[in-house]
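Numbering of ligands and ligand atoms starts at 1, following listing order.
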Amino acid sequence: MEFAPIRANKFQEVIEHLREHFPDEPLNECVGLCKKNEPCELLEHHDLHTLEEGLSIMAYDPITGEIAGVALNGVSNKGDNEKAIEEMKDIDNLQYKQIFGLLYNTNQEIDLFGKYGIDKIFELRILSVNSKFRGKGIAKDLFARSEMLAEECGYKLMKVDATSRFSQRVAESLGMITAKAVHYGDFQDENGKHIYQIEAPHEYYKIMIKELGKKSN
Ligand code: ACO
């Protein structure tokens with residue numbers, strides 16, 4: 001497998017990869033925001049915005065050139081999360097609110113900017129591996145390379161909103177720690193129905209972090 005930064009000429013191919021391989025992310029699979037192989041405007045708007053930041057990495061098959069996996073990385077600035085919560089008020093899509101409402105509100109609760117006295121956080125926002133290449137360590141490699149990039153750029157904190165047990169295992173293997181764990185089963189609507197019916201092993205959404213630039217001896 002080869003790895004490379006994702007340049008603008010690959011953005012459309014990355015979007016097509018995500019249309020095919022990201023919909024089985026546990027939260028999306030549960031609420032049904034994006035359907036396999038169909039455009040998903042609300043999520044793709046975020047994806048393109050993140051790609052334009054120029055920090056994303058892809059794995060590709062060197063023989064066929066096919067994209068095997070992607071890590072879409074971006075920088076969150078102090079105040080962005082509050083803005084996102086405000087902007088969400090103008091969006092009517094229930095599935096979007098069920099996913100991004102959970103993410104933004106949980107991030108708001110723990111205020112990593114205040115806790116670490118920083119104004120920027122390097123975020124690994126989307127991790128996706130082509131289903132035929134899964135279980136071979138590609139996500140782990142994309143994650144490790146993203147961490148190296150974050151270090152090189154001088155960020156002090158790396159964060160991932162890990163919604164899947166598999167992405168949590170990758171993050172754990174790289175020494176990330178859980179800043180907050182949320183049990184999907186704890187959320188019910190006004191009729192007592194579970195909002196997130198997500199099957200094991202994906203029982204928790206975890207905000208996972210790592211302080212960068214701290215060498216261990
Ligand atoms: N069953 C059991 N364990 C699994 C499975 C599986 N189907 N797939 C991966 N794992 C485990 C691996 O064993 C490994 O754990 P270990 O180090 O303890 O052995 C860990 O998960 C990661 O393995 P990788 O091979 O590096 O992961 P992979 O390349 O298969 O990609 C990913 C994992 C990205 C989660 C992939 O399954 C995927 O694209 N899923 C759909 C989208 C998704 O859920 N993305 C993550 C959401 S969170 C976010 O985007 C920030």
Side-chain angles (χ1 to χ4, degrees), residues 1-3 6 14-38 40 42-44 46-51 53 55-61 66-76 81 96 98-100 102-104 106-107 112 121-150 157-182 184 196 198-210:
M1 207 51 64
E2 303 274 336
F3 292 82
I6 302 175
V14 169
I15 293 295
E16 276 154 27
H17 159 92
L18 292 172
R19 281 179 191 163
E20 185 171 357
H21 300 288
F22 196 69
D24 58 352
E25 178 278 322
L27 261 182
N28 182 68
E29 191 164 54
C30 160
V31 308
L33 174 65
C34 304
K35 310 264 185 305
K36 199 171 165 70
N37 292 321
E38 286 181 21
C40 181
L42 283 166
L43 186 65
E44 288 171 12
H46 279 282
D47 296 340
L48 281 167
H49 189 267
T50 296
L51 284 166
E53 292 186 52
L55 296 167
S56 299
I57 300 172
M58 65 180 177
Y60 63 96
D61 182 327
E66 184 181 17
I67 292 178
V70 295
L72 268 49
N73 301 318
V75 175
S76 175
N81 200 61
Y96 181 87
Q98 284 176 329
I99 296 179
F100 285 93
L102 177 66
L103 268 49
Y104 294 149
T106 311
N107 274 276
L112 292 170
I121 296 175
F122 184 96
E123 290 183 329
L124 198 153
R125 295 195 183 134
I126 297 275
L127 188 63
S128 170
V129 170
N130 180 322
S131 43
K132 74 180 177 202
F133 294 108
R134 287 183 189 167
K136 299 176 193 297
I138 293 176
K140 215 176 257 188
D141 212 332
L142 285 164
F143 224 99
R145 286 165 194 268
S146 299
E147 180 181 341
M148 270 191 278
L149 176 63
L157 197 75
M158 174 175 175
K159 186 199 85 162
V160 60
D161 287 283
T163 56
S164 137
R165 182 65 196 121
F166 307 149
S167 51
Q168 291 160 13
R169 281 168 70 155
V170 179
E172 281 159 8
S173 74
L174 291 171
M176 296 187 82
I177 57 163
T178 301
K180 172 101 183 168
V182 169
Y184 289 127
Y196 306 108
I198 301 182
E199 287 180 13
H202 311 292
E203 285 153 89
Y204 290 88
Y205 149 48
K206 294 184 179 178
I207 299 180
M208 301 186 71
I209 55 166
K210 184 170 182 179

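At a 3.5 angstrom cut-off on N or O pairs, S173 does not count as close to ligand 1. Checked against a 3.5 angstrom limit, the closest N/O atoms of I126 and ligand 1 fall outside it. For H21, no nitrogen or oxygen atom sits less than 3.5 Å from a nitrogen or oxygen atom of ligand 1, counting backbone and side chain alike. Taking any N or O of L124, backbone or side chain, none lies under 3.5 Å from an N or O belonging to ligand 1. Ligand 1 has a nitrogen or oxygen under 3.5 angstrom from a nitrogen or oxygen of K140. For P26, no nitrogen or oxygen atom sits less than 3.5 Å from a nitrogen or oxygen atom of ligand 1, counting backbone and side chain alike.
With a 4.0 Å heavy-atom cut-off, ligand 1 is reached by no atom of R165.
Given atom 31 (O) of ligand 1, the protein heavy atom at minimum distance is A139 CB, 3.2 Å. The protein non-hydrogen atom at the shortest distance from atom 42 (C) of ligand 1 is F22 CD1, 3.7 Å. Scanning the protein for heavy atoms near atom 1 (N) of ligand 1, the closest one is F166 CZ, 3.3 Å.
Taking all heavy atoms of H17, E123, R134 into account, the minimum distance to atom 37 (O) of ligand 1 is reached by R134.
Taking a cut-off of under 4.0 Å to the non-hydrogen atoms of G137, the atoms of ligand 1 that pass are 24 (P), 25 (O), 26 (O). Every atom of ligand 1 is numbered from 1 in the order shown, and the set under 4.0 Å from a heavy atom of V170 is 22 (C).
For the pair D24 and R134, the salt-bridge criterion is met [side-chain N within less than 4.0 Å of a carboxylate O]. Using a cutoff of 4.0 Å between basic side-chain nitrogens and carboxylate oxygens, R165 and E172 are scored as salt-bridged.
Taking 4.0 Å as the cut-off, E172 does not count as a neighbour of ligand 1 on heavy-atom distance. Close to ligand 1: G135, with a non-hydrogen atom less than 4.0 angstrom away.
What you find for E20 and K36 is that their closest heavy atoms are O-NZ, 2.9 Å. The shortest non-hydrogen separation linking G74 to T50 is N-CG2, 4.0 Å.
The ring of F166 has its center closer than 6.0 angstrom to the ring center of H202.
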